[in-house]
Student: 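To start, I am sharing the structure in question, which I have written as structure tokens.
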Amino acid sequence: MASAEPSRKAGYGRHVSEPPAALGGGGRPRLGPRLEGALRAAVGEGHLLTDPDLTASYERDWTGRYGGPAAAVVRPGTTDEVAAVLRVLSAESVAVVPQGGNTGLVGGGVPRAGEVVLSLRRLRGDVHVDPEDRLLEAGAGTTLAEAQQAAREVGLEVGLDLAARDAATLGGMVATNAGGVRVVRHGPLRRRLAGLEAVLADGTVVDRRGGLLKDNVGYDLPGLFAGSEGTLAVVTRVLLRLEPLPASRVAAFVALRAPEALGTPGAGRATATALQVGREILRLGGIEVLEVVYPPGVRLVCEHAGLPAPPDPGADAWLLVEATGDDEVTTARLGALLDAHPLVSATAVALDAPGRAALFAYRERHTEAIARLGVAHKLDVAVPLSRLARLAAEVVDAVAARWPDAATVLFGHLGDGNLHVNVVGPPPDDDEVDALVLGIVLAHGGSVSAEHGVGVARLPFVSRARHPGDLAAMRAVKRALDPRGVLNPGVLIPAG
Ligand code: 2HG
Ligand code: ZN
């Protein structure tokens, strides 16, 4: 009997997706009995799903904006099974969409038109931590939360964190080079990656799990596969570098009042203020988290999640800061800076884990709170810090001028120059607002995808965001590793 994946806590707190209306009935693509038989033989009866009730949750992404019918969902449980599935499918040139926890936000991990979904979630339950060499190895289907827990048990930490930790898988995080709230200190996933095992389109297994800091024998394949969004290989095992758990950790939620000198009222002035204070905080050293949120988002989060009013409810922006160290010195220095700062109107501080989680909630619950308003246009953008305030002001003004009734919610990773621009109002299938915002970002020398990836959402902008020579090299790599173009076609690399 076929069985669906046992239910798992969805990322970002709440799942908004519904089965796409186009699914079911006569329009559903099928592989045919011969191929279905070969896939069943590869993964075992029960792990090839074709019943629409069972495939539905794999066919639409968390935003509800992207997805389409799958010909089938295949759920291998080992690397050998992944290789067997890919051999079967590539021999017949059947397109495959690799999928982890399905917490992506750009449509890169869901089918579009009858591809086979290759779900890697069963590649889990096999987490090894090496405390001496500070390495963690786990199957690609292991969630970030499971990896964090395993590291903590031996006094280490992963150095990566994001709101979807309970559902996001390590394989998916490699595929998207995931970022999150600790990039300012530890970098994105690629910097945490010590090695991996992956399967190429033709079933060849690539095994680079040396875990050495220095190893210059040839191309950096793990680095290449990180951020390749399932277009070059399917990640099956992941090796991460771990960090020592700090002896002291303090979180602060810091209310800011923006002075007139920093520009006209609104998102620009608030961002300039946040940057001014944020830069001083970064100079203290030991800063692991430096995030910014604004009144529209904080209001929404408080309403949706029932959180108490934030410090200084009338503030123009808030910073979420976490400082770590071997002793209390960092905490004391942060406290002294915030207490004396003329732009800081109030601060809430927490030293213990529940207290810190309560402060992080004001930031982490933005995604689910925004989803309550409707399907959001999610623009995940980065610009040099020197441009961030202008970008915030221009984006908010441009969207308001064109769609006066739209809700624009900004928040993000201040220390990384990475803002999440969420616009709810313009119809989900209308890309005009995406083009408007990303045009402003490109004019400021920014990135149209800071951390969520290209997927299908940013595909129309890749040619404007990359030099023609870069694109030619990317296409050549793709052709070399996946000559039949079966791995996640229609994602990341524009046709041409
Ligand atoms: C975050 O930083 C995620 O919380 C999601 O990257 C961002 O919902 C978003 O726009
Ligand atoms: Zn983010």
Side-chain angles (χ1 to χ4, degrees), residues 10-17 61-66 100-109 144-145 160-168 172-173 175-189 227 288-294 296-298 300-301 304-305 318-320 322 357 359-383 388 391-392 395-396 399 406-424 428 433-434 437-438 441 446-455 457-458:
Y12 314 104
R14 191 177 74 92
H15 210 288
V16 293
S17 72
D61 81 339
W62 191 89
T63 67
R65 199 176 171 200
Y66 304 104
N102 197 9
T103 58
L105 300 171
V106 289
L144 174 60
L160 273 169
D161 200 17
L162 37 81
R165 62 183 73 80
D166 290 312
M173 291 178 63
T176 53
N177 185 29
V181 295
R182 292 176 194 274
V183 172
V184 70
R185 172 71 171 269
H186 296 301
L189 195 135
E288 266 197 29
V289 174
L290 182 60
E291 302 278 307
V292 65
V293 291
Y294 302 86
V298 170
L300 262 181
V301 167
H304 160 68
W318 292 260
L319 294 176
L320 176 69
E322 194 177 275
L359 298 185
F360 270 67
Y362 289 101
R363 160 65 182 84
E364 287 197 336
R365 303 199 68 175
H366 269 65
T367 300
E368 63 185 272
I370 292 163
R372 296 277 278 238
L373 296 178
V375 177
H377 294 254
K378 289 187 167 291
L379 295 318
D380 160 41
V381 304
V383 291
L388 201 66
L391 176 86
V395 161
V396 169
V399 174
T408 302
V409 182
L410 306 182
F411 61 101
H413 313 289
L414 183 78
D416 313 333
N418 173 195
L419 277 186
H420 294 308
V421 179
N422 279 250
V423 184
V424 185
V433 68
D434 307 46
V437 173
L438 298 179
V441 170
S447 171
V448 298
S449 172
E451 60 173 7
H452 295 168
V454 171
R458 300 291 92 86

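Just follow the structure's listing: the first ligand is 1, and inside any ligand the first atom is 1. Bear in mind the structure is a predicted one, so any value in this text is a computation, not a measurement.
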Student: How close do Thr408 and Pro296 get, counting heavy atoms only, and between which atoms?
Tutor: O-CB, 4.4 Å

Student: Distance under 4.0 Å to a non-hydrogen atom of His420: what atoms of ligand 1 satisfy this?
Tutor: 1 (C), 2 (O), 3 (C), 6 (O), 7 (C), 10 (O)

Student: Can you tell me which residue and heavy atom of the protein come closest to atom 10 (O) of ligand 1, and the distance to 0.1 Å?
Tutor: Asn422 ND2, 3.0 Å

Student: Hey, is there an N, O or S on Glu451 sitting under 2.8 Å from the Zn ion (ligand 2)?
Tutor: yes

Student: Hey, which atoms in ligand 1 end up nearer than 4.0 Å to a heavy atom of Leu105?
Tutor: 5 (C)

Student: Picking from Glu451, Lys378, His366, what satisfies side chain to side chain donor-acceptor pair (under 3.5 Å) with His420?
Tutor: Glu451

Student: For residues Ala376 and Ile370, report the shortest heavy-atom separation together with the two atoms involved.
Tutor: CB-CG2, 3.9 Å

Student: Under a 4.0 Å threshold between the charged nitrogen and the carboxylate oxygen, would Arg65 count as salt-bridged to Asp61?
Tutor: no

Student: Relative to the heavy atoms of Glu451, which atoms of ligand 1 are at a distance of less than 4.0 Å?
Tutor: 2 (O), 6 (O)

Student: Testing the basics here: between Ala167 and Thr103, what is the closest heavy-atom pair and its distance to 0.1 Å?
Tutor: CB-CG2, 3.7 Å

Student: Could you state the interatomic distance from CZ (Phe360) to CD (Glu322), rounded to the nearest 0.5 Å?
Tutor: 4.0 Å

Student: Specify side chain, backbone, both or neither for Ile370, according to which of its non-hydrogen atoms lie closer than 4.0 Å to ligand 1.
Tutor: neither

Student: With a 4.0 Å heavy-atom cut-off (strictly under), which part of His413 contacts ligand 1: side chain, backbone, both or neither?
Tutor: side chain

Student: Looking at ligand 1, does Leu379 have a heavy atom less than 4.0 Å from it?
Tutor: no

Student: Is His452 close enough to the Zn ion (ligand 2) that one of its N, O or S atoms comes in under 2.8 Å?
Tutor: no

Student: From the options Val381, Val383, Asp380, select the one residue that forms a side chain to side chain contact (heavy atoms under 4.5 Å, CB included) with Asn418.
Tutor: Asp380

Student: Minimum heavy-atom separation for Trp62 and Glu368, please, with both atom names.
Tutor: CH2-CA, 4.0 Å

Student: Can you list the ligand 1 atoms lying under 4.0 Å from a non-hydrogen atom of His452?
Tutor: 3 (C), 5 (C), 6 (O), 7 (C)

Student: Nearest protein heavy-atom contact for atom 5 (C) of ligand 1: which residue, which atom, what distance?
Tutor: Thr367 OG1, 3.5 Å

Student: Atom 9 (C) of ligand 1: which protein heavy atom is closest, and how many Å away?
Tutor: Lys378 NZ, 3.3 Å

Student: Given Arg363, His377, Arg365, identify the one with the heavy atom nearest to atom 4 (O) of ligand 1.
Tutor: Arg363

